[in-house]
Amino acid sequence: MLQQTPVVRVIEPLAAWLERWPTPADLAAVPVGEAVRAWGRLGYPRRALRLHACAVVITEEFGGVVPERVDDLLTLPGVGEYTARAVAVFAYGHRHPVVDTNVRRVIARAIDGQADAGPASTNRDLAAMAALLPQDDADARVTNAAIMELGAIVCTARSPKCAECPIADVCAWRADGYPEYRGPARAAQARYEGSDRQVRGLILAELRTSDIPVTRDELEALWPDAAQRERALASLVADGLVVASGSDFTLPQ
DNA sequence: CATCCGTGGGG
DNA sequence: TCCCCAAGGAT
């Protein structure tokens with residue numbers, strides 16, 4: 001849920017989710033469409049699909065217990081370099097670098113003296129964080145959490161609160177007089193209004209809130225551009241988020 | 001490596 | 001209003 005989604009937006013849905021499905025086996029036992037429906041408006045609904053698939057794999061291949069080794073975690077659907085290490089470190093206490101967008105920004109500023117991190121580079125980012133970790137497992141875990149939290153709360157993207165920063169006295173960016181970012185420009189995020197993403201969102205929202213199959217006529221009312229509507233629908237079907245039921249459509253069973 | 005994949009809040 | 005960006009991952 002936290003992947004590309006602000007923490008405050010996750011807290012309540014997560015609590016409700018865990019109350020409904022306390023264990024991987026509980027989630028694995030229900031149709032994947034239930035997970036997609038319960039995902040609600042969290043965004044990136046493929047994550048719901050993958051979380052369910054993840055629960056199935058954990059139940060069938062790992063005895064119902066979330067694995068603790070990074071290489072095992074990386075085999076799970078929807079679990080990448082960040083999530084695998086976050087689980088291994090924060091849930092199990094192992095010693096690994098954990099690099100998310102906050103950590104990348106703090107390192108770029110405090111260590112490299114840059115206003116912002118460039119495009120992500122997994123190997124380079126993990127190595128940079130690894131170099132900052134204390135040897136002791138428990139200390140390394142706290143360091144991971146602390147740097148991530150520093151980036152989330154103090155060393156924020158827009159207006160960093162340098163006056164409140166506990167490491168301001170050793171920050172390279174501050175020492176250099178806050179130079180502007182030099183480097184490859186971030187790829188601009190595509191406009192949402194009018195995008196396929198928006199159309200997919202509209203279609204899925206309709207399916208989530210309907211107890212019965214949705215007809216093509218109902219989908220037509222959602223978006224005037226037939227070609228784009230069909231493209232979005234086809235991509236949802238290809239993703240496994242939507243299933244054709246006769247001439248109608250439903251969430252997957 | 002670039003692009004796609006939702007949604008919502010804040011500057 | 002518009003733009004940015006948010007505990008990323010898969011292709």
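Here is the naming used below: chain letters follow the sequence lines, and residue numbers restart at 1 for every chain. Everything numeric in this text was worked out from a predicted model, so none of it was measured.
- A donor-acceptor contact under 3.5 angstrom links the side chains of A:Asp26 and A:Thr23, judged on distance only.
- Remark: the separation of the C1' atoms in B:dC1 and C:dG8 is 16 Å, to the nearest Å.
- Mapped onto DNA chain C by nearest heavy atom, A:Leu2 and A:Val79 fall at different nucleotides, with A:Leu2 at the one closer to the 5' end.
- With both ends at atom P, the span from B:dG8 to C:dG9 equals 22 Å, rounded to whole Å.
- Using a 4.0 Å heavy-atom criterion, one finds that A:Ala86 contacts no nucleic acid atom at all.
- Distance check on atom P: B:dG6 versus C:dT1 gives 25 Å, rounded to whole Å.
- Put simply, CZ on A:Arg186 is 11 Å from P on C:dG8, counting in whole angstrom units.
- Using a 4.0 Å heavy-atom criterion, one finds that A:Thr83 contacts the sugar-phosphate atoms exclusively.
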Footprint string (nucleotides 6-11 of chain B, 5' to 3'): B base within contact, S backbone only, - free, heavy atoms under 4.0 Å: BBBBBS

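- The interatomic distance linking A:Glu81 (CD) with C:dA10 (C1') rounds to 13 Å, in whole Å.
- Nearest approach of A:Met1 to A:Val10, heavy atoms of both residues: O-CG2, 3.3 Å.
- Within a 6.0 Å radius of CG in A:Asn123, other residues, nucleotides and ligands contribute 12 heavy atoms or fewer.
- A:Ser210 contributes no side-chain N or O that, together with a main-chain N or O of A:Leu207, makes up a donor-acceptor pair within less than 3.5 Å.
- A straight line from CG of A:Asp125 to P of B:dC1 spans 10 Å, rounded to a whole angstrom.
- Counting all heavy atoms, side chain and backbone alike, A:Pro252 lies closest to A:Val242 at CD-N, 4.3 Å.
- As judged by a 4.0 angstrom heavy-atom cut-off over every strand, A:Arg105 is placed among residues touching the sugar-phosphate backbone only.
- Between the CE atom of A:Met148 and the P atom of C:dA6 there is a distance of 13 Å, rounded to whole Å.
- In this structure, A:Leu51 atom CG and C:dA10 atom P are separated by 13 Å, rounded to whole Å.
- C:dA7 atom C1' lies 16 Å from atom CG of A:Leu73, rounded to whole Å.
- Note that CZ of A:Arg200 and CD1 of A:Ile203 are 9.0 Å apart. Values are rounded to the nearest 0.5 Å.
- Rounded to an integer number of Å, the gap from CG of A:Leu76 to P of C:dG8 is 18 Å.
- Under the 4.5 Å side-chain criterion, counting only non-hydrogen atoms from C-beta, A:Arg69 is not in contact with A:Tyr92.
- Following rounding to the nearest Å, A:Glu193 (CD) and C:dC2 (P) show an atom-to-atom distance of 9 Å.
- Residue A:Val10 is classed as having no contact, given no heavy-atom separation below 4.0 Å to the nucleic acid.
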